[in-house]
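Reading through the structure tokens given below for one structure.
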Amino acid sequence: AFTSSHENAFTSSHENAFNHTHENAFTSSHENVSTSNTTHSFSSDAVTTHFDPHIVGQAILFESGLYARLPDDLSEKLSLAALDVAGAPAQARKLPKEGDSVLILGANGKSGVLCGYEAMKKVGPNGNVVGVVRNPKQVDALMDLGVYHKVIVASATEPVAVLDNALAANDGKEYDLSICCVNIENCEMSAILPVRDDGLVYFFSMATSFTKAALGAEGVGKDVTMIVGNGYTKNHAEITLNVLRENPKLRKLFDEKYC
């Protein structure tokens, strides 16, 4: 059995819902089972659960199941909006070193701004965090958030344009790390080209073609380490929620845009 709880929320890297499929469903010999204030409707193909929002209960997980406790100081919608992309900012804290240069594609999205904030903290005053957006109208607002040193304008589907603008924003030098948060296809080379040999490319976007990334890097002779963003790294939930606590401008943005 499982019932809802105000104290526990389950999050996946890119979805905030429980998914029940034809191949993974709860079944019962009874058509409807009622437990306290919760009614479960069962069939051979799916399960529909109607929850009373005021019920206090438990959810039973596998030992390896990931979960995050919803905080008391952030609303449920705000927390879930941030936890939806929690793996990205945690990696943006983990991957760069002090003084590194970091390029973030998809700089105006949820994961982009959170990554920018964590990368800025990690690289310090001697580093350089550059965001890439397609719409020039987004530049001023992003700079006002304080999550990038610079923001450049280029389409992530045009790798040569990204390369030229990115190098210009980094004193002509290639980057130590790029993070791709763009949710459209054909952005692989824009993340790869600006990165130095032995640098890191982190693909958080699920629109990434890893065939294109691998063959593209080989084709242009880039000896870079490419990381698949699986949406999880240690303490990712705590790190991400703390961003909203630390940066009032980001919290306001999330409240207005995603809640």
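- Not counting sequence neighbours, Tyr117 has no partner by the ring-ring contact (aromatic ring centres under 6.0 Å, His included) test.
- Within a 6.0 Å sphere centred on CG of Asn135, other residues, nucleotides and ligands contribute more than 12 heavy atoms.
- Contact annotation: the side chain of Val160 never approaches that of Leu163 to less than 4.5 Å [non-hydrogen atoms, C-beta and beyond].
- Across all non-hydrogen atoms, the minimal contact from Ser155 to Val162 is O-CG2, 3.3 Å.
- The closest side-chain heavy-atom distance from Arg251 to Leu74 is below 4.5 Å.
- How far CG of Leu105 is from CZ of Phe204: 14.0 Å, rounded to the nearest 0.5 Å.
- Side chains of Val113 and Leu250 form a contact here, defined as non-hydrogen atoms less than 4.5 Å apart.
- With His149 contributing its side chain and Val130 its backbone, the two residues share no donor-acceptor pair below 3.5 Å.
- Listed for the Asn235 side chain is no donor-acceptor partner under 3.5 Å among the backbone atoms of Glu238.
- Counting heavy atoms from C-beta outward, Asp198 and Thr225 have side chains that stay 4.5 Å or more apart.
- The shortest non-hydrogen separation linking Ser111 to Cys181 is OG-CB, 3.3 Å.
- Asn128 contributes no side-chain N or O that, together with a main-chain N or O of Lys150, makes up a donor-acceptor pair within less than 3.5 Å.
- Counting only heavy atoms from C-beta outward, the side chains of Val201 and Leu177 never approach each other to under 4.5 Å.
- The two atoms that bring Thr233 and Ala90 nearest to each other are CG2-CB, 3.0 Å, heavy atoms only.
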Evaluate Glu158 against Ser190 for side chain to side chain contact (heavy atoms under 4.5 Å, CB included), listing each step before the verdict. CA-CA 7 Å; Glu158 299 175 5; Ser190 290; 5.8 Å; no
Under the side chain to side chain contact (heavy atoms under 4.5 Å, CB included) criterion, do Ile104 and Val147 qualify, and how do the steps go? CA-CA 11 Å; Ile104 299 177; Val147 296; over 6 Å; no
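- A salt bridge links Glu246 with Lys121: the distance from a Lys NZ or Arg NE/NH1/NH2 to an Asp or Glu carboxylate oxygen falls below 4.0 Å.
- Closest non-hydrogen pair, Ile239 versus Lys234, comes out as CD1-O, 4.0 Å.
- Atom CG of Leu103 is separated from atom CD of Glu174 by 11.5 Å, given to the nearest 0.5 angstrom.
- Atoms CG and CG, on Leu200 and Leu95 in that order, are 6.0 Å from each other to the nearest 0.5 Å.
- Between Tyr232 and His236, the ring planes are perpendicular. Angles over 60° get that label, and only those under 30° would be called parallel.
- Between the side chain of Asn165 and the backbone N or O of Ala161 there is at least one donor-acceptor pair closer than 3.5 Å.
- Residues Lys252 and Glu256 are paired through a salt bridge, judged by an N-O separation under 4.0 Å between the basic side chain and the carboxylate.
- Judged by distance alone, the side chain of Tyr175 and the main-chain N or O of Ala166 form a donor-acceptor pair under 3.5 Å.
- Interatomic distance, NZ of Lys110 versus OH of Tyr258, reported as 6.5 Å (0.5 Å rounding).
- Between the side chains of Asp176 and Ser101, at least one donor N or O lies within less than 3.5 Å of an accepting N or O.
- A pairwise comparison of heavy atoms in Val153 and Arg134 identifies CG1-O, 3.5 Å as the closest pair.
- Here the shortest heavy-atom pairing between Pro71 and Arg245 reads CB-NH2, 3.3 Å.
- Listed for the Lys249 side chain is no donor-acceptor partner under 3.5 Å among the backbone atoms of Gly146.
- Distance check, rounded to the nearest 0.5 Å: CD of Gln91 to CD1 of Ile227 gives 6.5 Å.
- Using a 4.0 Å cut-off between charged side-chain N and carboxylate O, Asp100 and Lys97 make a salt bridge.
- The OG1 atom of Thr208 sits 10.5 Å away from atom CG of Asn183, with the distance rounded to the nearest 0.5 Å.
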